[in-house]
Each structure stands twice: as C-alpha cells, then as structure tokens.
Amino acid sequence: RLERHHSFMSDGLVCGEIVSCDAIEGKDKLKRLTVRVADDDGARLQTVTNAPNVDVGKRCVVAKIGSTLRDGTEVKKASVGGVTSEGMLCDSAMCGWSGGGAGAAALLPGDFPLGAAPPSSRPRLDGKSNDDAGDDEAARRAQKMKEKEDKKKALAEKRAARDAARKAKKAGEGGDA
C-alpha cells in the first residue's frame with residue numbers, strides 16, 4: 001500500500017539541463033527530451049513531456065526513477081507515447097512552489113548547479129534574487145500608498161473649492177436681498 005503524504009519535500013528531485021528536444025511523431029504535444037542531470041556527460045535521462053515551455057539549454061526540475069513526489073507517488077520507468085521515459089519533468093506544484101502553471105516545467109536559472117536539489121521556493125529567472133522581489137514589492141506598496149494619499153489630497157482640495165464656491169454664491173445671493 002502506498003501512503004500519500006502532502007507535507008514532506010519531494011525526494012530525489014534534481015536540476016537537469018535539456019540537451020535535446022524532439023517532437024514525437026504522431027503525438028500532438030509530446031516531446032522526447034534528453035536531460036543531463038550531472039556535470040559529467042554520462043548522466044543523461046530520456047524523458048517524455050507535454051510541457052509547453054521546454055527547449056534545449058533550459059534547466060528544469062527532474063524527478064529521476066525512484067524519486068518520491070510530494071503526493072507520495074514513486075516515479076518509475078514508463079512508456080509514454082510509445083517512448084521510454086526514465087523520469088519526469090516536474091511542475092511548480094510538484095516542487096511545492098507557489099506560482100507557475102500546472103503542466104509547465106518548473107524552470108531553474110541557467111547557473112543553477114546540475115544534479116542539485118531544487119530550492120524550496122520558486123526561483124526568479126530574471127537575474128534578480130527573491131530578496132529583490134521583496135524590495136520590488138515594498139516599492140510597489142509604497143507607490144500605491146502615495147497614489148492613494150495623492151487622490152485623497154486632490155479630493156479634499158476639490159471639496160474645499162466646491163464649498164468655497166457655494167459659500168461665495170450664498171454670500172452673493174444674500175447681498176442682493
């Protein structure tokens with residue numbers, strides 16, 4: 001019996017680099033990949049995926065045969081679309097990351113070490129660190145608060161001008177009587 005545990009980190013996931021990516025004849029979305037999972041040339045796996053965001057040179061999270069996914073599923077050698085798959089590419093949810101689309105390969109930065117375990121949270125691919133993302137978020141919040149304060153100030157000025165115009169109009173009406 002296979003028990004399912006959702007809380008533990010997936011076991012046996014590694015960083016791999018796609019060295020070949022070929023469409024599988026007769027299959028609309030399936031691709032046959034060769035993925036290098038270590039710095040030496042001998043550590044390559046053939047996998048099959050339908051992830052739309054894979055291409056040669058990209059680094060991604062790979063579950064090797066014998067790996068246990070977050071849901072407790074053990075990765076086994078399988079035939080997918082008539083091609084032997086010796087592992088699988090993981091999506092963000094399989095890595096325990098927030099964000100990222102289901103079915104899209106969980107990508108890693110180009111300098112992430114081959115064969116290393118994936119980080120505990122989804123890395124940024126734009127060259128900034130996740131700490132920078134916090135700084136960006138703080139800047140966005142500050143900008144939003146400033147815009148809100150500016151709107152409040154403009155509204156208060158508009159109300160004051162309206163009230164002054166009403167007062168002037170009333171004063172003008174009262175003087176004619």
Side-chain angles (χ1 to χ4, degrees), residues 1-140:
R1 182 175 98 114
L2 182 65
E3 289 187 32
R4 300 200 180 267
H5 301 280
H6 295 278
S7 60
F8 66 86
M9 182 62 187
S10 298
D11 182 35
L13 304 186
V14 297
C15 171
E17 180 178 39
I18 300 168
V19 295
S20 73
C21 177
D22 302 304
I24 296 176
E25 191 175 327
K27 304 295 179 188
D28 287 344
K29 298 178 183 180
L30 290 181
K31 300 170 193 160
R32 174 194 344 243
L33 306 176
T34 302
V35 182
R36 189 168 56 126
V37 293
D39 282 328
D40 62 29
D41 283 335
R44 293 173 185 243
L45 302 175
Q46 177 175 275
T47 63
V48 176
T49 187
N50 64 351
N53 61 333
V54 296
D55 206 354
V56 172
K58 288 188 176 182
R59 292 196 177 192
C60 55
V61 179
V62 180
K64 299 191 300 184
I65 294 173
S67 300
T68 304
L69 302 178
R70 291 180 64 80
D71 68 358
T73 303
E74 184 179 340
V75 177
K76 299 177 179 178
K77 189 175 189 175
S79 178
V80 180
V83 176
T84 301
S85 188
E86 303 165 329
M88 65 184 290
L89 300 192
C90 297
D91 65 14
S92 290
M94 291 174 180
C95 297
W97 301 346
S98 60
L107 299 178
L108 296 167
D111 61 353
F112 200 87
L114 290 178
S120 59
S121 62
R122 185 172 162 227
R124 294 177 60 113
L125 300 177
D126 60 4
K128 295 181 181 180
S129 72
N130 284 337
D131 293 338
D132 294 339
D135 293 343
D136 289 347
E137 181 61 29
R140 279 192 294 274

Ile18 vs Asp55, test: side chain to side chain contact (heavy atoms under 4.5 Å, CB included). Steps then yes/no. CA-CA 7 Å; Ile18 300 168; Asp55 206 354; over 6 Å; no

Just wondering, do Val62 and Leu89 contact through their side chains at under 4.5 Å, heavy atoms? yes

Does the Glu17 side chain pair with the main chain of Leu114, one donor and one acceptor, at a distance under 3.5 Å? no

Quick check: do Val54 and Cys60 have side-chain heavy atoms less than 4.5 Å from each other? no

Close side-chain approach of Met88 and Val80, heavy atoms under 4.5 Å: no

Taking all atoms of both residues into account, what is the closest heavy-atom pair of Cys90 and Leu69, and its distance? SG-CD2, 4.4 Å

Closest approach of Phe112 and Pro118, non-hydrogen atoms and distance? CZ-CA, 4.2 Å

Taking atom NZ of Lys58 as the centre, report whether more than 12 heavy atoms of other residues, nucleotides or ligands fall under 6.0 Å from it. yes

What are the two closest non-hydrogen atoms of Pro109 and Pro123, and how far apart are they? CD-CG, 3.8 Å

If you count the non-hydrogen atoms of other residues, nucleotides and ligands that lie under 6.0 Å from NZ in Lys31, is the total more than 12? yes

Qualifying residue, where the test is side-chain contact (heavy atoms from CB on, under 4.5 Å) with Val61 and the options are Cys15, Ser92, Cys95: Cys95

Between atom NZ of Lys77 and atom OG of Ser85, what is the distance when rounded to the nearest 0.5 Å? 10.0 Å

Atom CG of Leu30 and atom CG of Asp22: how far apart are they, to the nearest 0.5 Å? 13.0 Å

Could you check if a side-chain atom of Leu45 sits within less than 4.5 angstrom of a side-chain atom of Leu33, using non-hydrogen atoms only? no

Residues Leu13 and Ala63: closest non-hydrogen pair is CD2-CB, 3.4 Å

Which heavy atom of Arg59 sits nearest to which heavy atom of Asp111, and what is that distance? NH1-C, 4.3 Å

For Val75, does its backbone N or O pair with a side-chain atom of Ser67 as donor and acceptor, under 3.5 Å? no

Glu86: partners by salt bridge (Lys or Arg N to Asp or Glu O under 4.0 Å), with sequence neighbours left out: none

List the atom of Thr34, the atom of Ser20, and the distance in Å for their closest heavy-atom pair. OG1-OG, 2.9 Å

